[in-house]
Protein chains: 2
Amino acid sequence: MARVNTKQLIVDAAVAVAAQHGISGASMDQIAETAGVAKGSLYYNFASKDALFAEVMRRGFERLSAAIDSAREGVPGEGAPRIVAAATLEALRNNIDLAKLMAAEVFRTDRAWAETMNEARSSVATRLRDALRDAHVAAGNSEQSAERITETAGAAFFGALAGACLDWLLFRPELSLEHVLDEVLTTW
Amino acid sequence: MARVNTKQLIVDAAVAVAAQHGISGASMDQIAETAGVAKGSLYYNFASKDALFAEVMRRGFERLSAAIDSAREGVPGEGAPRIVAAATLEALRNNIDLAKLMAAEVFRTDRAWAETMNEARSSVATRLRDALRDAHVAAGNSEQSAERITETAGAAFFGALAGACLDWLLFRPELSLEHVLDEVLTTW
DNA sequence: GTCTATAATTGGATAGAC
DNA sequence: GTCTATCCAATTATAGAC
């Protein structure tokens, strides 16, 4: 085992490089240089560029799901959308490179690892959908009515958060998280 | 002048190829093959790959803006969000490759033509923001209150539409446009 | 486990014929 | 205005030393 976690070093570098140039535009050379390791080490730790980015995306969505789950613990239904939205914005802000990368690649269906990424995407959308459903029921609507809120609404919610978040971080970084949250939720 | 519009042929092929592999992953060779022209013709019609995709993105956002403007004509404030949302979904559905491409590249800030694309992105977000503002006022709120709805809300609205639209077209194509619209707007 | 060196292929772009 | 042929740089991946 390596003295430091080389795998994590490489994954972090891959995120940083791909956030700027996209996955196809990110070269293994530049990733190795950014990580401070030789290119040979990349191929010792990952079978291929595809395998590396499958791992990058898997970890990214996993982190997002975990942040949402953690935020929701013990929160009543009516507060759910705001709290999961805040957790999502927070997670994206903490790693803006990863946010750009996920936004750019989440709907690419041709990759070798598209299936893996799609499951991760779906699990995030499902969590957001559930938050919307819980709030719907807490507002006095029936369970049956809440079931009309599907994963598509979750995907819309996620898209709204990602769109607002990137607009915020890239073009209006002076705004506060609370302000961005208000803009997303008051119109929702 | 060419007998057929070679420029348009090339632009269409570029959209198709880049929708699958991203812009960096789209090779000029494959674009030429898809368009049914020689690679030399690409470079006769466009100065470089960057210039080609600058034109692709410019036309894409222009089409979207035009669709929104056309839909809004003569529509009262309270109906504005639904009508512009429908027009946006319709435009994206009519060219799903372009939708994937715009979603993947809209927040890339390192491109040579990032400034051009950013203006186009901003003009779409502004149009959506205006629709939200008009509905807000039509619902009985003050103009002053409506001004708290900014371009960030427009970006969120666009993100929601793009997220729902791609979820729909890629994974749930059996849904109707009206159904998708309802899912986006009832939770909004 | 990490390095250096290199193989094999593909990429963007250009020159010049027609 | 379009084609074919070609250049050169960059890319993924591998081999083998340490």
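Letters go in sequence order (proteins before strands), and every chain restarts at 1. Since we're looking at a predicted model, the values are computed, not measured. Computed from heavy atoms alone, side chains included, the values below leave out hydrogens, waters and symmetry copies.
Not counting sequence neighbours, the partners of B/S65 by the side chain to side chain donor-acceptor pair (under 3.5 Å) test are B/S123. Listed by chain and residue number, A/R82, A/S176, A/L181 satisfy the side chain to side chain contact (heavy atoms under 4.5 Å, CB included) test with A/E178 (two or more places apart in sequence, or in another chain). With sequence neighbours left out, the side chain to side chain donor-acceptor pair (under 3.5 Å) criterion links A/S145 to A/H136. Applying the side chain to side chain donor-acceptor pair (under 3.5 Å) criterion to B/N95, with sequence neighbours excluded, gives no partner residue. With sequence neighbours left out, A/E115 forms a salt bridge (Lys or Arg N to Asp or Glu O under 4.0 Å) with no residue at all. In this structure, the salt bridge (Lys or Arg N to Asp or Glu O under 4.0 Å) partners of B/D69, at least two apart in sequence or on a different chain, are B/R127. Partners of B/R148 according to the salt bridge (Lys or Arg N to Asp or Glu O under 4.0 Å) rule, which considers only residues two or more places apart in sequence or in another chain, do not exist here. Taking B/D12 as the reference, nothing meets the salt bridge (Lys or Arg N to Asp or Glu O under 4.0 Å) condition, with sequence neighbours excluded.
A straight line from CD of A/E33 to P of D/dT11 spans 11 Å, rounded to a whole angstrom. Across the protein-nucleic acid pair, A/D29 atom CG and C/dC3 atom P stand 13 Å apart, rounded to whole Å. Look at CZ on A/F53: it is 11 Å from P on D/dA13, rounded to the nearest Å.
Near DNA chain C, meaning a heavy atom under 4.0 Å from it, residues 10-21 of chain B has no residue at all. Residues of residues 36-51 of chain A having a heavy atom closer than 4.0 Å to DNA chain C, listed by number: A/V37, A/A38, A/G40, A/S41, A/Y44, A/N45.
Pairs passing the salt bridge (Lys or Arg N to Asp or Glu O under 4.0 Å) check and including a residue from residues 36-45 of chain A, sequence neighbours excluded, read A/D29-A/K39.
Heavy atoms of B/A32 sit nowhere under 4.0 angstrom from any nucleic acid atom. Residue contacts shown for B/A26 are limited to sugar-phosphate atoms, with no base heavy atom under 4.0 Å away.
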Criterion side-chain contact (heavy atoms from CB on, under 4.5 Å) on A/V15 and A/R59, from CA distance to verdict: CA-CA 11 Å; A/V15 169; A/R59 290 193 191 193; over 6 Å; no

Assess whether salt bridge (Lys or Arg N to Asp or Glu O under 4.0 Å) is satisfied between B/D130 and B/R72, documenting all intermediate values. CA-CA 10 Å; B/D130 288 345; B/R72 275 233 49 186; over 6 Å; no

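Comparing the end axes of the helix from C/dG1-D/dC18 to C/dC18-D/dG1, each fitted to five base pairs by superposing C1' atoms of four pairs onto the next four, gives an inter-axis angle of 0° (nearest 10 degrees).
The side chain of B/T6 contributes an N or O atom lying less than 4.0 Å from OP1 or OP2 of D/dT2.
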